[in-house]
2 protein chains.
Amino acid sequence: MSEKATTVQDVARTAGVSTATVSRALSTPDKVSERTREVVFKAVEQTGYRVNRAARNLRTQRSNTALVILPDLSNPFFSEILEGISDHLSGTGYSMLVAGMTQIRDSGERLIDYLNDGRADGMIVLDGSLPQDAISSLTAPTHRDKIVFACEWTNQADFPSVRSRNRQGARDAIRHLYDLGHRKIGHITGPEGNVLSLERRDGAVAELTGLGIAPRAEWVIPAGFSLPDGRKAAQRFLKLKDRPTAIFCASDIQAIALISELQRHDIRVPNDLSVVGFDDIEMAEFVTPALTTIRQDRFQLGYAAAVLLMECISKDSSRDYAQIHQIPTNLVPRDSTAPLLP
Amino acid sequence: MSEKATTVQDVARTAGVSTATVSRALSTPDKVSERTREVVFKAVEQTGYRVNRAARNLRTQRSNTALVILPDLSNPFFSEILEGISDHLSGTGYSMLVAGMTQIRDSGERLIDYLNDGRADGMIVLDGSLPQDAISSLTAPTHRDKIVFACEWTNQADFPSVRSRNRQGARDAIRHLYDLGHRKIGHITGPEGNVLSLERRDGAVAELTGLGIAPRAEWVIPAGFSLPDGRKAAQRFLKLKDRPTAIFCASDIQAIALISELQRHDIRVPNDLSVVGFDDIEMAEFVTPALTTIRQDRFQLGYAAAVLLMECISKDSSRDYAQIHQIPTNLVPRDSTAPLLP
DNA sequence: ACCAAGAATGTAATCGATTGCATGAAGTGA
DNA sequence: TCACTTCATGCAATCGATTACATTCTTGGT
């Protein structure tokens, strides 16, 4: 009954070879003669053998596991990125450990420990706001080749990263509104200090300026990416005496909440106000009016990050420093934007 | 430069004790005299020692890792459950491995291997539709005590599980509509064969019947939980000659898409039709009209599942079979339901 | 003062797979 | 046929922590 797991020893015995040969037959099949290879495979089949990961990890000093760090596990925005990551990882035999910064902080763990104690071979960080000490510990030469940022990033160190063309996306959003005839264009920002917020705001400002429109300070409404933030932004908007005719929001979620709240106050979108979001979350297509937005390919973002991480980990040669992969965004016109009425 | 990781040996040496003592000082501090304990701690401090997980895992035959299985990584519904799980796990020193069934199938892995090869000590399954062979392999006596279902479950085996009171939630939804004066009440179901769909439909039917209302077959519209499903359901709804005055949807997402599509066809919610959803996703409060729904506490669901799993794993005594933990749901009345107009 | 019980520590085996080195077999070229 | 390379395999060390067992040191009771 005692159901002891089968080991290489068992396989070696039934195959009539040494454990070394079994191991080789499995991990480097071409170093073994065809005949023994088959014998071993058959023995593996018979005994139902599976390598013990703990033993392999100890010996090889690799875990075949990647750690993914989210700022906040409960944020649904990341799910599609996770899928992209997992999709590539699982193809390369890697497993995906997931942790949220909140939990990590609470449990008093340090990110770097995951790398040190052999739980993970590398990590993908989706949080641009790591505490300073975390960042500096990660920059240690032993670790810098095991870390990749995705989606967000940090300016305090130059890690390789994968990100959307946030600035260009923002420009496209503004341009779209301009092309519809809008000249009075506002912007709801993301959270203060966040790299994405900055890029999107800068992009918007740059495009406006380029189009000969001076951005008006009271039309740049500071907010965060979340639903409540969007609602609050709407309330700020309602208080404006002179209102823009179009708004570019730093996130879809925010835009959806904003529209909802404005509708409640009888402002019609797109008739009274055109709104562009950012992200193209699935919901964007299904709200009324369907949201015009800047699509970022989150699956691709995750996938590319995983590819990049695997490269970093495996590459023994010193690699060109701190690559930045930019994923294109694109405008998805829907019903929340319309030509400016004369 | 070669930055070799510090081991118990190093600590033992600097502390002037044996490795056994170091190990004991760290894992069973009371088996060691106060004096040596301090010396060891100091040495740990000095050397910056961290246990090597691979080595520990091999020796102890535990990984201190739990595997979480999602049907679909990209589905944002699960993020809050994940947070609940992680919140408890990280408190007990466990790490969380996450995998989607899609990826697992594609990579040809078997769930059971995670348990066998020492990657995980136990698993939380959020997918009620595992393939038959997966389920039967998991029922093996060696594994059945390492598995917990959460949110969804399977009827093909009796694993312990944590779930919402789906039936009661559905009853509450119907009752709410009834109390508002509605008698012509429809239902959009979840995907065929899904346990949640079944429970919610059964609950709705039971409540209707209990209230003396005979459920009408054409008012039970088969659908899935997703946004496109909700839209399709709306189209089916529009074709009805005799329409209900109220609808209970099996998911919020579905309800949101349904309302959006109906609004596009000038059906006003709640004036022309009252709608109740299920889940209380964050968005529910922020759409127009704000969605009346049955709240299920997803964080709690995940948290309880993690607690249950840890119990199962640690309990050496044979435990009472296949506990089912039910998490209460509750009605959250908002603006998508209104009294039936005379 | 002596012995037994218990506490603290050390020695060395162990977990299971991988791999450097050694050995033997087979093949190659002159 | 001989020397020599190449290939296939086996032996045994190794990864780093834990723990059964042995040993030494306390301590308390009589």
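Excluded from the calculations below are hydrogen atoms, water molecules and symmetry mates; all remaining heavy atoms, backbone and side chain alike, are included. Every chain is numbered from 1 and lettered A, B, ... according to where its sequence line falls, protein lines coming before strand lines.
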Taken to the nearest whole Å, CG/Leu26(B) to P/dA17(D) is 10 Å
Whole-Å distance, Asn116(A) CG to dG16(D) P, equals 13 Å
Which of dA17(D), dT9(C), dT9(D) is nearest the side chain of Val8(B)? It is dA17(D)
Notebook entry, point to check: Does the side chain of Thr19(B) get closer than 4.0 angstrom to OP1 or OP2 of dG10(C) through an N or O atom?
Noted result: no
Rounded to whole Å, CZ of Arg24(A) lies from P of dC7(D) at a distance of 14 Å
Could you check whether any side-chain N or O of Thr47(B) sits under 3.5 Å from a backbone N or O of Ala43(B), counting only pairs where one atom can act as donor and the other as acceptor?
yes
- Is any side-chain N or O of Thr21(A) closer than 4.0 Å to OP1 or OP2 of dG10(D)? yes
Lys31(A) NZ to dC21(C) C1', in whole Å, measures 13 Å
> Is there a donor-acceptor pair closer than 3.5 Å between any side-chain N or O of Asp121(B) and the backbone N or O of Arg62(B)?
Replying inline: no
note: Glu38(A), atom CD; dA8(D), atom C1'; distance rounded to Å ~ 16 Å
Rounded to whole Å, the CZ-P distance (Arg13(B) to dG16(D)) equals 12 Å
Identify whether any heavy atom of Ser27(B) sits under 4.0 Å from a base atom; if not, whether one sits that close to sugar-phosphate; answer base, sugar-phosphate or nothing. nothing
Looking only at dA12(D), dA12(C), dT9(C), the nucleotide nearest the Val32(B) side chain is dT9(C)
Q.
Would you say that Phe149(A) contacts Thr154(A) through its side chain, given a criterion of any heavy-atom pair below 4.5 Å between the two side chains?
A. yes
Looking for any heavy atom pair under 4.0 Å, which part of the strands does Val22(B) touch: base, sugar-phosphate only, or nothing? nothing
Walking DNA chain C from its 5' end, the first of Gly16(B) and Thr7(A) to be reached, judged by nearest nucleotide, is Gly16(B)
Requested in this report: Give the C-alpha distance, both sets of side-chain angles, the deciding distance and a yes or no for side-chain hydrogen bond (donor to acceptor under 3.5 Å, both in side chains) between Glu83(B) and Tyr303(B).
Outcome: CA-CA 8 Å; Glu83(B) 172 161 65; Tyr303(B) 195 91; over 6 Å; no
Considering only heavy side-chain atoms of Ser33(A), the closest of dT18(D), dG10(C), dT9(D) is dT9(D)
Q: Using modelled atom types only, decide if a donor and an acceptor are shared between the side chain of Arg37(A) and the backbone of Pro29(A) within a distance under 3.5 Å.
A: yes
On a heavy-atom basis, the closest approach of Asp127(A) and Leu130(A) is O-CG, 3.7 Å
When rounded to whole Å, the CZ to C1' distance for the pair Arg35(B) and dA7(C) reads 15 Å
Note: contacts of residues 47-66 of chain B with DNA chain C (heavy atom, under 4.0 Å) are Leu58(B), Arg59(B), Gln61(B)
Atom CD of Glu34(A) and atom P of dC7(D) are separated, to the nearest Å, by 16 Å
When every non-hydrogen atom of Asn194(A) is compared with those of Leu196(A), the smallest separation belongs to OD1-N, 2.6 Å
